Undergrad: 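Encoded as structure tokens, here's the structure I'll be asking about.
Here the structure is a predicted model, which means the values were calculated and not measured. In what follows, chains are A, B, ... by sequence order, proteins preceding strands, each numbered from 1.
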Number of protein chains: 2
Amino acid sequence: MQADLTELTIQEVAENTGLTAHTLRYYERIGLIFPINRAESGHRRYCSRDLDWIRFLTCLRKTGMPVREMKRFAELVEQGDSTITQRRALLETHRRRILNTIRELQANLSAVEWKINYYSDLEAEYRIADD
Amino acid sequence: MQADLTELTIQEVAENTGLTAHTLRYYERIGLIFPINRAESGHRRYCSRDLDWIRFLTCLRKTGMPVREMKRFAELVEQGDSTITQRRALLETHRRRILNTIRELQANLSAVEWKINYYSDLEAEYRIADD
DNA sequence: GTACATCTTAGAGTACACTCTAAGTCAAGT
DNA sequence: ACTTGACTTAGAGTGTACTCTAAGATGTAC
């Protein structure tokens with residue numbers, strides 16, 4: 001197996017993931033992202049595995065997982081293969097949460113659409129009244 | 001037309017809507033909820049129209065509309081029928097936002113599910129290795 | 001080599017949406 | 001009448017997740 005030679009700066013990773021450089025450093029500081037390799041200058045150099053991890057983190061974040069729980073997940077990953085069952089359980093709980101969120105959004109969307117139609121009808125009535 | 005005789009206390013409305021009494025007062029203070037009628041004692045007495053309005057507010061809130069935009073909507077409602085087109089436009093923009101959110105959730109859900117399956121496969125492998 | 005942008009850190013500041021507190025008034029049961 | 005719990009207000013406090021600042025080191029283009 002060969003070492004990964006990809007070396008991205010923090011700005012490149014920011015552009016790639018949609019996070020800001022500030023947020024990337026913040027995530028590393030709180031332990032969401034494992035310590036990133038440094039160039040001789042001390043500047044961070046991200047490899048493609050780092051990028052994969054960050055992309056999965058953003059996926060969890062965008063689906064509403066609290067940072068605290070993401071950190072718990074990161075800790076499990078750090079502990080190695082013995083935690084795979086726990087990781088799966090955590091993700092399955094999260095999966096159910098996402099499905100609930102989607103269902104709730106769809107239900108509330110119906111109410112918004114009902115109101116939109118109600119307003120459309122009113123607009124039509126006013127147009128007729130203007131004739 | 002007859003006056004609405006429903007008279008609910010703040011606690012009853014809280015139980016009915018899932019908001020807390022604190023939040024109901026807060027919403028009224030910032031202008032999301034129009035001033036509620038008071039009993040002689042000064043205590044709030046909500047009527048069923050108030051309840052309908054609060055339910056629609058929670059529907060907007062749960063679908064991620066920022067409080068500031070909800071306030072804008074409340075102001076349009078307060079201004080009367082001349083703002084119906086603006087209200088519909090606001091809700092249609094919000095509708096598109098909800099649809100985008102759902103699409104994004106579904107896409108990220110797939111990534112979570114992919115990872116769950118990946119972990120399941122790993123678990124299966126470990127079980128075989130243990131034989 | 002000289003600008004000028006980008007990187008580093010620890011720690012402070014911000015935005016959002018509540019959530020609670022304190023001090024006092026009011027309502028319902030016995 | 002008395003207790004217990006709910007109500008009132010203005011304003012302070014909280015939790016979450018960033019987001020920015022300052023001061024200085026480094027990298028890149030001309």
Undergrad: With a strict under 4.0 Å distance from non-hydrogen atoms of chain A, what nucleotide opens and what nucleotide closes the contacted stretch of DNA chain D, reading 5' to 3'?
TA: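 Here the contact window of chain A covers D:dT16 to D:dG27.
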Undergrad: How close or far is atom C1' of C:dA17 from atom CE of B:M65, stated in whole angstroms?
TA: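 Taking atom C1' of C:dA17 as the reference, CE of B:M65 is at 16 Å.
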Undergrad: Using a heavy-atom cut-off of 4.0 Å across all strands, would you classify B:R61 as base, sugar-phosphate, or nothing?
TA: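 Here B:R61 touches the backbone only, sparing every base.
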Undergrad: Is a donor on one side and an acceptor on the other found under 3.5 Å between the side chain of B:Q86 and the backbone of B:L76?
TA: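 No.
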Undergrad: To the nearest angstrom, how far is B:L24 atom CG from C:dA17 atom C1'?
TA: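 Computing the B:L24:CG to C:dA17:C1' distance gives 14 Å.
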Undergrad: Between B:T9 and A:V67, just flag the one whose closest nucleotide in DNA chain D comes earlier from the 5' side.
TA: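 Final value for this comparison: B:T9.
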Undergrad: Between the side chains of B:H94 and B:T63, does any donor sit under 3.5 Å from an acceptor?
TA: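 On atom types as modelled, these side chains qualify, holding a pair under 3.5 Å.
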Undergrad: Using modelled atom types and a 3.5 Å cut-off, is there a donor and acceptor pairing between side-chain atoms of B:E12 and backbone atoms of B:T9?
TA: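 Yes, B:E12 side chain to B:T9 backbone: donor-acceptor pair under 3.5 Å.
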Undergrad: It should be established whether A:R44 places a side-chain nitrogen or oxygen under 4.0 Å from OP1 or OP2 of nucleotide C:dC7.
TA: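 A:R44 to C:dC7 OP1/OP2: no side-chain N or O under 4.0 Å.
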Undergrad: Report the C-alpha separation of B:E75 and B:R68 in whole Å, then their side-chain angles, then the decisive distance to 0.1 Å, and conclude whether the salt bridge (Lys or Arg N to Asp or Glu O under 4.0 Å) test is met.
TA: CA-CA 11 Å; B:E75 284 163 2; B:R68 200 175 304 170; over 6 Å; no
Undergrad: Identify which one of A:Y27, A:Y46, A:W53 satisfies the ring pair (Phe, Tyr, Trp, His ring centres under 6.0 Å) criterion when paired with A:F34.
TA: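 Looking at A:Y27, A:Y46, A:W53, the match for A:F34 under the ring pair (Phe, Tyr, Trp, His ring centres under 6.0 Å) is A:W53.
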Undergrad: What string of B, S and - do you get for nucleotides 22-30 of chain C, 5' to 3', if B is base contact, S is sugar-phosphate-only contact and - is no contact with any protein heavy atom under 4.0 Å?
TA: ----SS---
Undergrad: How long is the line joining OH of A:Y26 and C1' of C:dG13, in whole Å?
TA: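 From A:Y26 OH to C:dG13 C1': 14 Å.
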Undergrad: Classify A:T20 by what it touches in the nucleic acid, base, sugar-phosphate, or nothing, heavy-atom distance under 4.0 Å.
TA: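 It contacts nothing in the nucleic acid.
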Undergrad: Taking A:D50 for the side chain and A:C47 for the main chain, is one N or O donor matched with an acceptor at less than 3.5 Å?
TA: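 Such a contact is found between A:D50 side chain and A:C47 backbone.
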Undergrad: Has A:R61 got a side-chain atom pairing as donor or acceptor with A:M65's backbone, closer than 3.5 angstrom?
TA: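 Indeed, once roles are kept as given, a pair shorter than 3.5 Å links the two residues.
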Undergrad: Between B:N100 and B:R103, does a side chain to side chain donor-acceptor pair (under 3.5 Å) hold up when you go through it step by step?
TA: CA-CA 5 Å; B:N100 278 334; B:R103 261 192 292 277; 3.1 Å; yes
Undergrad: So B:R68, base contact, sugar-phosphate only, or nothing? Heavy-atom distance under 4.0 Å.
TA: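 The answer is sugar-phosphate, as B:R68 gets under 4.0 Å only of primed atoms, P, OP1 or OP2.
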Undergrad: To the nearest 0.5 angstrom, please state how far the CG atom of B:L109 sits from the CZ atom of A:R95.
TA: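 If I round to the nearest 0.5 Å, the distance is 6.5 Å.
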Undergrad: Given C:dT19, C:dA17, C:dC7, which nucleotide is nearest the side-chain atoms of B:R29?
TA: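 Nearest listed nucleotide: C:dT19.
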